[in-house]
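Notes to accompany the following structure.
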Amino acid sequence: MTDINLNDLLRTYRSHPYEDIPVSTPHTGIVTLKAHEGQEVKGPGGPWLNRPGTLLYLLERERNVKKMSAPCGGTVAAVRQDLDSTFVEAGTTVLSIRHHLGKEEIIDRILTHVLFIFPAPQRARYYFPPEVAASIEKAQGKDVTIKSGDESVIMSLMKRDTFLSYDGPSGVIYKVYFSPGAIVEEKAPLLGICPHDKLEYVRKVVQRIRTEWEE
Amino acid sequence: MLDRGKRLKEFADRVQYLMDVKGGADWGSLNELLDEIRFIQQSIYDLTEAEVFREIERIEERITFLEIRAADLLTPAEIVNIVRSPQRFTLTDILENVYDSYTELGGMGECNVDPAVLTARATITRRVKNRLYRHQVMVIGHEKGRGEEYRNGGCAKPWGNAKALRYMKVAETEGIPIHFYIFTPGSYPTEDYPGAAQQIARNIYAMARLKVPMVSFISEGGSGGAEAVGLSDMRIMSSRGYYSVISPEGAAAIEGKIREGEKVPRELLEHCAAQLHMTAEDNLRLGTIDRVVTEPPLGARREDYSFFHRLRYEMIRATDEVVLKTKSFRAFRAYALKAQALEKDVPEDFEVLVNWDLTELEVERLLELRSQKYRAMGRGGYVEGKTGGIPVLGKAKELASSGFYELKYGLLRPHQRNVQKVIEDVTGESSVFLRKVTGPVRAAYEFVFPAPEHPVPKRPMEGGEERSVFREEWETYVSPLANEDGTVTCPNAQKYGCLDLWIPDLYGEFSGVCPTCGHHFPLEYHWYLEHLFDKGSVREFNHHIHSANPLAFEGFDARLEKDIKRTGRRSSMITCDARVDGIKLVVSMLFGDFRNGTVGSAEGEKFVRACDRARTTRRPLLAYIHTTGGIRIHEGTLGVTQMPKCTLAVREYIESGGLYIVVYDNNSYAGPVASFLGCSPYQFAIRSSRIGFAGPRVIRETTGQDVPPDYHSAKNALRRGHIQGIWDRREFRKNLLDALMTMGGSNLYYK
């Protein structure tokens, strides 16, 4: 967590509310492009994200043609037309998707700058210790305080449960990034902690984005 | 004036009913007629009495004319409309008008386990020579009216069917007949415990041997939902009802390859409704019902008291007939009943009083008749080709083999077992006594001369040869899928990071299983025939029973011919004798290459004969389901009746002390799972298979809710308790052998 000017941050996002997501080949093969520059594409859909996104390109290796679809919604940009019908190495960027950030995504990004992020040390399943889960449930949306040294999360890996102690500044659990029992990738955020003195300010900013941001 | 108001309202209802039947207001300018009625209703006080009277006369004449015209040429699709009309009678109307009193059980109205299923203890009265006699019956059926908002259109949920089963058993305990009333477009497709398919299977299984007379009345018989409360000793149907394997909309969507969300064209709907042969006359001709109860030409409605009077008479008479058939002096009584049946008008009095209580012997006869009745269903739906032998010799061979197995395992084996048991007991007793005496001496002897450790003797196999379960003997057969030069991606690659698989490796060495995540790629059924059973032990039987097109479904002959050409088989079921590590068993296999593994009359008959063969030879019965798409819609209700028919046969087999194991692979859905497969106490699934009642599209269209992609997965089926285990394809043989050795009744030849 750093001291940053939230107004500057907001201004930056306003001027460029996009994220460019490169789409690279997972392995070698012959590329056949199926999307064109400027095309609007959709990401995975359906309540379980079971419907694949728009088809971007085909990648053929050993007579195995794979359909590569858009990982998120946006506009196709920087298409490497020169790669069409050619053999490429793994990790070659074929195109990128300019993803227009939504209101909640902007808030999420700003919060990662503002909050103290407690990350996952390993790829594992994470749970709350019973007392933390109980206090979150009891608080019913109100603030739950956490301080350095508190046992904040249980990491469950290979049938072993390890209690993880929180080692940041004391504050309020502002955001929980994981669902208990789900697998969280290494270094992915688990908790976002907001110090008490900044709580009001952060809430105001979030409120401002929610009301003022035009999508 | 009040009377005229009522009459006008009645006219409006009649016009509305005609609109329902004809599927819109275009026919006979019904809209204009309705407007006229409304106008008179509104201006009834502005017109003179004579004018109102004249208008009423005119409108009534017009409506009567239209009703006669409408009833003249009723198409099957219009009959479906009659059944679905909100003005049609419902089960509560029947309870109020056919029975004298009733007490609803298992819930009332909305406060109910499942408001779509109604169960009640009811009293029905008959008059004989001016004296009233009361009979107690259990009434079970679907209710779709009187609170439509929570009745779910008469679609029973699994727990509703479980409630029905509970009260069937109550009736059995109390020894009172059951009257079933079927008013359902189909069962509610949910996999939540106890599961739509599994619960229907349990119901059919229970009804197959329920020890009380049962009569069912069908108004709207929608496939599996109807069968859940439909297996009975006498099936009667209303003349304007329908009984079908699938709704006309569902059939049209399949036949016309209609995309999800698109509207089915009316012509296609009418065509499919006609092709399905779903009317009462059709079903009577096909032998899937026993009798038709005549309704008014345009169908009975809620206030049709003369119809209820007739229905009361028919239900009593049907129950009488079921009971009398079990009596030793039935000839006379049946004659008396027949004489009554000839009367056109429903008589007020019955000539005879029939006691509906049955003795134990009569119950046996009832069950025997029920079995015969269902076994005969669908006999005209398949073709029995030439077997190459002389039919008389075939019968003699059957009798001889039946006698042989009865002698070998029925008479000699129990005797041998008894002798063995006596010897064991005597040895046990004497050894206890002797041990006390010889114990110290033996201990001392063993201390001085320790005995060498003996290996555990292996179970001797047939022919005296000892063989290991794990011995690989299938090097020769390699799936033809392995002949492709290329790679394939595992569907779980993104989740588990599975590497691409070299096709010859995947379908050869890996047996179609992803080495990273264990996903099972589908394999052809031949692979199982080659790998599951002992080499050269598979001997197919009844291959001369062929699928046919009994309803002359348009275009189906060509499709059938195409599948016969492609697969070289004439039905989707293979029945064979086989051995697994020396243990002989009977196998019935449904495979997906032929009409998507659907079950029709031929498949049903083959399955029943396989059950009988397993019972005669006292061998275990394995139903391996490579794929099944349900009941074959092109055979209409002939297909649906295979559900009770096969379940009945399999129950008789299980009760004879056999072992019935079901193993699902790939996709298994609908009717077969909801009957003769789902009733097995031992159901297993091969990994990555899907089991369920209705597919995702049908669920979406029926319930309006989407289901997760893994909704029907074997894992979820196991979690819900539908199956008892998941087997790896590579361990199928070993697991099957374990099951054969550890499960099943005492009547198996090797036990």
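Reminder, nothing fancy here: chain letters follow the sequence lines and each chain counts from 1.
Counting heavy-atom neighbours within 6.0 Å of B:Glu260 CD, excluding the residue itself, gives a total above 12. Heavy-atom neighbours of B:Tyr150 OH from other residues, nucleotides or ligands within 6.0 Å: above the threshold of 12. More than 12 heavy atoms of other residues, nucleotides or ligands sit less than 6.0 Å from atom CZ of B:Arg566. Taking a 6.0 Å sphere around CD of B:Glu149, one finds it holds more than 12 heavy atoms contributed by other residues, nucleotides or ligands.
For chain A, the option among B:Pro708, B:Gly486, B:Pro709 with the highest count of heavy-atom pairs below 4.5 Å is B:Pro708.
Distance check: A:Lys67 NZ to B:Thr489 OG1 gives 12.5 Å after rounding to the nearest 0.5 Å. Taken from CG in B:Asp706 to CH2 in A:Trp48, the straight-line distance is 4.5 Å, to the nearest 0.5 Å. From B:Asp485, atom CG reaches atom CZ of A:Arg63 across 4.5 Å, with rounding to the nearest 0.5 Å. Rounding to the nearest 0.5 angstrom, the gap separating the CG atom in B:Asp500 from the CD atom in A:Glu62 is 9.0 Å.
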